[in-house]
Amino acid sequence: MLGRTSTAERVAVILRARISEGYFEPGDRLSEKQITEQLDISRNTLREGFRLLTHERLLVHKLNQGVYVRVPDVADLEDLYRVRKHLECSVVRDVVAPPAELRRLTAAVDEGRRALDSESWRALGTANIAFHEAITALAGSPRIDELMRSVLAELRLVFHVMKSARQFHEPYLERNREILAALSDGDGALAEQLLSAYLEDSERQLVEEYDHVIADRAGNPALA
């Protein structure tokens, strides 16, 4: 049983993690009964957790229908990348010597390689998210960490539109390794250059794919 202190916030942490790890997909309806039983919490506590994640734009409440995982639009996607470019690039730009703590970055690259070898595409996406969380963690700011977790959880919802998770994520695994190598050398300028190009390519690829998905949904209401 979860403790009483900040229980709703802890529920939000659990549900946010499940979104980030790809267990909940855009448009999924969340069952109050199932979640309250799994976490051994009250419905009022769960609803407060839902409220927190609705504020983070991860969930949406539909009148007389329940709570659903939000479906981002192209404007959301573009804004998420705007935030990522500011946060991530500013962090690596400040690197002028090998950071003392690179274990999370190294572990994320290694986990991505294992996921690729085992053809676990959801795990590959999760490893990619962990890598970028570890980049901003180099700043040593809990507030930046909190913001980045929220941004990447919302971005995970966008990743679900990709027709081939392997085709999307696999090329970026090698690019993560290159960024890690630059940071290991203390070359923040090179890391920023690599990361900036990475984010530009990723955003363009996702926007193109998302445009097609939205057009398909508009033409076929059953997909919405």
Side-chain angles (χ1 to χ4, degrees), residues 12-13 16-17 19-22 26 52-59 70-109 112 125-162 168-169 171-211 214:
V13 167
R16 187 189 303 111
I19 291 171
S20 293
E21 292 164 5
L52 294 172
L53 294 183
T54 298
H55 181 70
E56 293 181 21
R57 302 172 64 82
L58 295 175
L59 302 179
R70 187 169 171 270
V71 181
D73 57 25
V74 171
D76 293 318
L77 170 56
E78 292 173 338
D79 195 40
L80 288 168
Y81 270 86
R82 189 174 299 117
V83 174
R84 290 188 70 189
K85 290 169 187 175
H86 280 292
L87 283 181
E88 296 187 60
C89 290
S90 66
V91 169
V92 299
R93 184 187 308 132
D94 289 341
V95 172
V96 294
E101 183 55 79
L102 288 174
R103 286 182 297 178
R104 284 182 60 185
L105 286 161
T106 302
V109 170
T126 299
N128 184 56
I129 284 176
F131 180 83
H132 291 278
E133 284 184 344
I135 283 180
T136 50
L138 294 175
S141 166
R143 290 172 177 82
I144 290 178
D145 290 344
E146 182 179 359
L147 175 58
M148 194 61 176
R149 282 193 294 269
S150 179
V151 166
L152 291 175
E154 193 174 352
L155 189 64
R156 185 62 185 256
L157 299 179
V158 176
F159 287 166
H160 284 290
V161 308
M162 304 307 291
F168 176 66
H169 289 298
Y172 293 101
L173 178 59
E174 175 59 23
R175 296 173 77 165
N176 286 347
R177 190 198 63 76
E178 292 172 352
I179 293 168
L180 173 59
L183 291 172
S184 299
D185 291 338
D187 192 342
L190 176 57
E192 181 187 10
Q193 179 184 342
L194 293 169
L195 181 56
S196 179
Y198 176 121
L199 293 174
E200 289 289 346
D201 291 345
S202 177
E203 179 182 10
R204 182 173 57 253
Q205 189 177 1
L206 281 169
V207 167
E208 289 174 356
E209 190 75 29
Y210 223 61
D211 279 339
I214 290 174

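Classification of Arg156 and Glu21 as a salt-bridged pair fails, no side-chain N sitting under 4.0 Å from a carboxylate O. Salt bridge annotation for Arg103-Glu101: present, with a cationic side-chain nitrogen under 4.0 angstrom from a carboxylate oxygen. Remark: Arg177 engages Glu174 in a salt bridge, criterion side-chain N to carboxylate O under 4.0 Å.
Checked by atom type and distance alone, the side chain of Asp73 pairs as donor or acceptor with a backbone atom of Ala75 at under 3.5 Å. Judged purely by atom type and a 3.5 angstrom limit, Tyr172 uses its side chain to pair as donor or acceptor with the backbone of Ser202.
Summarising the geometry of Ile135 relative to Val91, their closest heavy-atom pair is O-CG1, 3.2 Å, with the distance given to 0.1 Å. Closest of all the heavy-atom pairs between Leu138 and Pro99 is CD2-CB, 4.0 Å. Summarising the geometry of Glu178 relative to Leu194, their closest heavy-atom pair is O-CD1, 3.7 Å, with the distance given to 0.1 Å. Here the shortest heavy-atom pairing between Ser20 and Thr126 reads O-OG1, 4.2 Å. Between Glu133 and Met148, the closest heavy-atom pair is CA-CG, 4.5 Å. Nearest heavy-atom pair across Arg70 and Leu157 is O-CD1, 3.3 Å.
Arg16 pairs in a side-chain contact (heavy atoms from CB on, under 4.5 Å) with only one of the listed residues (Leu59, Leu53, Leu52), which is Leu53.
Remark: Ile179 CD1 to Leu195 CG distance equals 4.5 Å, nearest 0.5 Å. Taking CD of Glu192 as the start and CG of Leu199 as the end, the distance is 10.5 Å to the nearest 0.5 Å. The structure places CD of Glu88 at 9.0 Å from OH of Tyr81, a figure rounded to the nearest 0.5 Å. Atom CZ of Arg57 and atom CD of Glu154 lie 5.5 Å apart (nearest 0.5 Å). Separation of atoms CD1 (Ile144) and CZ (Arg149) is listed at 12.0 Å; rounding is to 0.5 Å.
Annotation: side chain of Leu183 is in contact with side chain of Leu105 (closest heavy-atom distance under 4.5 Å). With a 4.5 Å cut-off on side-chain heavy atoms, Ser196 and Cys89 count as touching. Within the 4.5 Å cutoff, the side chain of Asn128 has heavy atoms near those of the His169 side chain. A heavy-atom distance below 4.5 Å is found between the side chains of Leu155 and Arg84. Here the side chains of Asp76 and Asp79 are not in contact, with every heavy-atom distance at 4.5 Å or above. Val74 has its side chain within reach of Glu78: a pair of non-hydrogen atoms, C-beta onward, lies under 4.5 Å apart. The shortest side-chain heavy-atom distance between Phe131 and Leu173 does not fall under the 4.5 Å cut-off. The shortest side-chain heavy-atom distance between Leu87 and Val83 falls under the 4.5 Å cut-off.
In this structure, Tyr198 has its ring center closer than 6.0 angstrom to the ring center of His132.
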